[in-house]
> 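Starting off with a structure, shown below.
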Amino acid sequence: MNSSDFILTPWESKGDIDYTRLVERFGLNVISDDIRRQVADAAGEDHFLLRRKIFFSHRDLDVILHSYQNGPGFFLYTGRGPSGNTHIGHLIPWMFAQWLQSRFGATMYFQLTDDEKFYRDSKLSLDDTYNLALQNARDFAALGFDPDKTHILINSQHINTLYPLAAQAAKKINYSNTKASFGFGNDTNIGMIFYTALQSAPCFLEKRPVLIPLGVDQDPHFRLTRDIAPVLRYPKPALIHNIMIPSLTGSSSKMSASSENSAVYTTDTAKQIRQKINKYAYSGGQESVAKHRQLGGDTQSDVSFLYLWMFFEPNDSKINQIKEEYESGSMLSGELKQILIESMVTYMERHQNRRESVNIKEFMFDETEYKNKMRR
Ligand code: TYM
C-alpha cells in the first residue's frame with residue numbers, strides 16, 4: 001500500500017479515505033442537489049447531515065422516493081456489530097434513520113450481529129457479543145424511535161425468522177464473489193464466509209423496497225445483496241451512505257470501537273470526554289499563538305471542528321461563525337475544543353439519561369406478531 005492509498009471494508013480501515021476515489025472504486029452515486037431537494041420536499045424539512053454532505057452517496061434513493069409517493073412505500077433497516085460500546089460514529093446513521101422514520105412514518109428493523117463479531121474477534125465469546133448487543137440496543141432505542149414501528153433483531157435470538165431468508169440469499173451468493181469483496185483467504189473461518197447472507201436477510205423481511213442508512217464501509221455487503229435480490233424476486237435494497245467520522249487522533253480512517261483513545265463513547269463521563277478532547281483531539285491550529293493569529297486554523301483537518309460539523313452543531317449560522325473565527329485566527333484551538341466539549345457533554349448527559357430509562361423490551365422483534373402481519 002503506498003502512502004496515498006487506503007483500504008475500507010466492513011472490517012478494516014487503513015490510510016486516509018479519499019472519497020472521490022471511493023466513489024469510483026465502489027461505483028457509488030453521489031447525491032445530487034436535485035435528489036437532495038426531492039428528499040427535503042418529501043420529508044417536509046431539510047436535514048443538516050444531507051445539507052452538509054455527511055450523507056454523500058446512494059443507491060436507488062430515487063426508487064424509494066417514487067415508491068413513497070406512488071407505490072407501496074418503503075421500510076427502513078440498519079444495524080450494529082456489537083464489538084464494544086457505541087461510539088459517536090455509530091450514532092450518525094442511526095440519528096438520520098430516526099429522522100427518516102419520523103418524517104416518512106416508516107417501519108424500522110435494526111439488526112444486532114452478535115454472531116458476526118463472535119466470528120470476527122478472537123477475544124469475544126458469544127455471551128460477550130450478546131451482552132454488548134443488549135447495551136448497543138439501548139443506545140439505538142434512546143434516539144427517539146417509535147416503539148410501535150421499530151423492531152430490534154439479535155441474530156442469535158431471532159434466527160428462526162432470519163435463517164430461512166439468509167438461506168435463500170446464501171444459495172445465490174458464490175464464494176468467489178464474497179472472496180473478491182472482502183479479501184477472504186484459506187484461513188478465514190466459514191462463519192465469516194456465510195455472514196453476508198445474514199446481513200442480507202433483513203432486506204427480505206417485507207416484500208417492498210427497503211432503504212438502508214449506513215456508513216459507507218458497509219456497502220460491500222449490500223452490493224452482493226443487490227446482485228441477488230432480483231433473482232429472489234425482491235426489490236434491490238436501496239442505500240444512503242454517510243462518510244466516516246475520523247478518529248480522535250485525526251487520521252481520516254474511521255473512528256473505531258476497538259481503540260479506546262481513538263473514539264468517544266456514549267458511556268464516557270463528562271470528565272473522560274474533557275480529557276479525551278483536550279489530550280487527543282487532533283488540532284488544525286498553528287504551533288504558536290502568534291502564528292495562529294496570523295495564519296488561522298485548518299478546519300479541514302481539525303478534529304474538534306469536524307465533530308461539530310458532522311454531529312454536534314447542527315445550526316448552520318453557528319457552525320459558519322465558528323469556521324470563520326477559527327480560520328481567521330481569532331479563535332484559538334483551545335477555545336474551539338471548549339465549544340466541542342460543552343456540546344458533547346450536554347448531548348451525552350441527555351443521551352445517557354434516555355439510555356438508562358428506555359424500555360428495550362418494547363423494541364424487541366416479536367416473531368409471532370411479525371408472522372401474523374405477514375400473513376395478512
Ligand atoms: P458497525 O457496528 O461497525 O457500525 C454500525 C454503523 O455505524 C457506522 N459506522 C460509522 N459511521 C460513521 N463514522 C464512523 N467512524 C463509523 N463507524 C461505524 C457503520 O457504517 C454502520 O452503519 N456489520 C455491521 C452491522 C450491520 C449493519 C446492517 C450495518 C448489520 N446489518 C445494516 C448497517 C446496515 C457492523 O458491524 O456495523
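Each residue takes its place number in the sequence, starting with 1. For ligands, and for the atoms within them, numbers begin at 1 and follow the listed sequence.
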> Is there any N or O on Gly215 that sits under 3.5 Å from an N or O of ligand 1?
yes
> Which of the atoms in ligand 1, numbered in the order shown and given with their element, are less than 4.0 Å from a heavy-atom of Ile245?
12 (C), 13 (N), 14 (C), 15 (N)
> Would you indicate which of Ala201, Ser262, Gly89 comes nearest to atom 11 (N) of ligand 1 when only heavy atoms are counted?
Gly89
> Ignoring hydrogens and geometry, is there a side-chain-to-backbone donor-acceptor pair from Arg208 to Gly73 under 3.5 Å?
no
> What I want to know is whether Gln218 and ligand 1 share at least one N or O pair that is separated by under 3.5 angstrom.
yes
> For ligand 1, which atoms have a heavy atom of Thr113 less than 4.0 angstrom away?
25 (C), 30 (C)
> Examine distances only and state if a side-chain atom of Arg226 and a backbone atom of Pro237 form a donor-acceptor pair shorter than 3.5 Å.
yes
> For ligand 1, note which part of Arg80 has a heavy atom under 4.0 Å away: side chain, backbone, both or neither.
both
> Out of curiosity, is Tyr195 lining ligand 1, as in a heavy atom under 4.0 Å away?
yes
> Looking only at the side chains, is there a donor atom on one of Thr299 and Asp302 sitting less than 3.5 Å from an acceptor on the other?
no
> Against heavy atoms of Ile212, which atoms of ligand 1 measure under 4.0 Å?
34 (C)
> Does some non-hydrogen atom of Ile88 fall short of 4.0 Å from ligand 1?
no
> Report the member of Gly79, Ser13, Ser200 with the shortest heavy-atom distance to atom 5 (C) of ligand 1.
Gly79
> Specify whether Tyr109 and Tyr370 have parallel, tilted or perpendicular ring planes, treating 30° as the upper limit for parallel and 60° as the lower limit for perpendicular.
perpendicular
> List every atom of ligand 1 that sits less than 4.0 Å from any heavy atom of Ile243, numbering the atoms from 1 in the order shown and giving each element.
12 (C)
> Which of the numbered atoms in ligand 1 are below 4.0 angstrom from a heavy atom of Leu214?
22 (O), 33 (C)
> Answer whether the closest heavy-atom distance between the side chains of Asp219 and Arg59 falls below 4.5 Å.
yes
> My understanding is that we take every heavy atom of each candidate and find the minimum distance to atom 30 (C) of ligand 1. Doing that for His90, Met244, Gln111, which one comes out nearest?
Gln111
> Is the closest heavy atom of Pro93 to ligand 1 under 4.0 Å?
yes
> What residue among Trp94, Phe75, Tyr77 forms ring pair (Phe, Tyr, Trp, His ring centres under 6.0 Å) with Phe110?
Trp94
> Are more than 12 heavy atoms from other residues, nucleotides or ligands located less than 6.0 Å from atom CD of Glu367?
yes
> As an exercise, identify every atom of ligand 1 less than 4.0 angstrom from a heavy atom of Asp217.
19 (C), 20 (O)
> Going by the atom numbers of ligand 1, which of them fall below 4.0 Å from some non-hydrogen atom of Asn242?
11 (N), 12 (C)
> Taking the six-membered ring for Trp, are Phe204 and Tyr234 parallel (under 30°), tilted (30 to 60°) or perpendicular (over 60°)?
tilted
> Could you tell me, atom by atom, which parts of ligand 1 come under 4.0 Å of a heavy atom of Lys117?
36 (O)
> Any idea which part of Phe222 is under 4.0 Å from ligand 1, heavy-atom wise: side chain, backbone, both or neither?
side chain
> Counting only heavy atoms not in Phe184, do more than 12 sit closer than 6.0 Å to its CZ atom?
yes
> Between Gly81, Pro82, Ala97, flag the one that comes closest to atom 36 (O) of ligand 1 by a heavy atom.
Gly81
> Below 30° counts as parallel, above 60° as perpendicular, anything between as tilted: where do the rings of Phe140 and Phe145 land?
parallel
> Return yes if some donor-acceptor pair links the side-chain N/O of Arg36 with the main-chain N/O of Leu50 below 3.5 Å, else return no.
yes
> For Asn315, is there any backbone N or O sitting under 3.5 Å from a side-chain donor or acceptor partner on Glu313?
yes
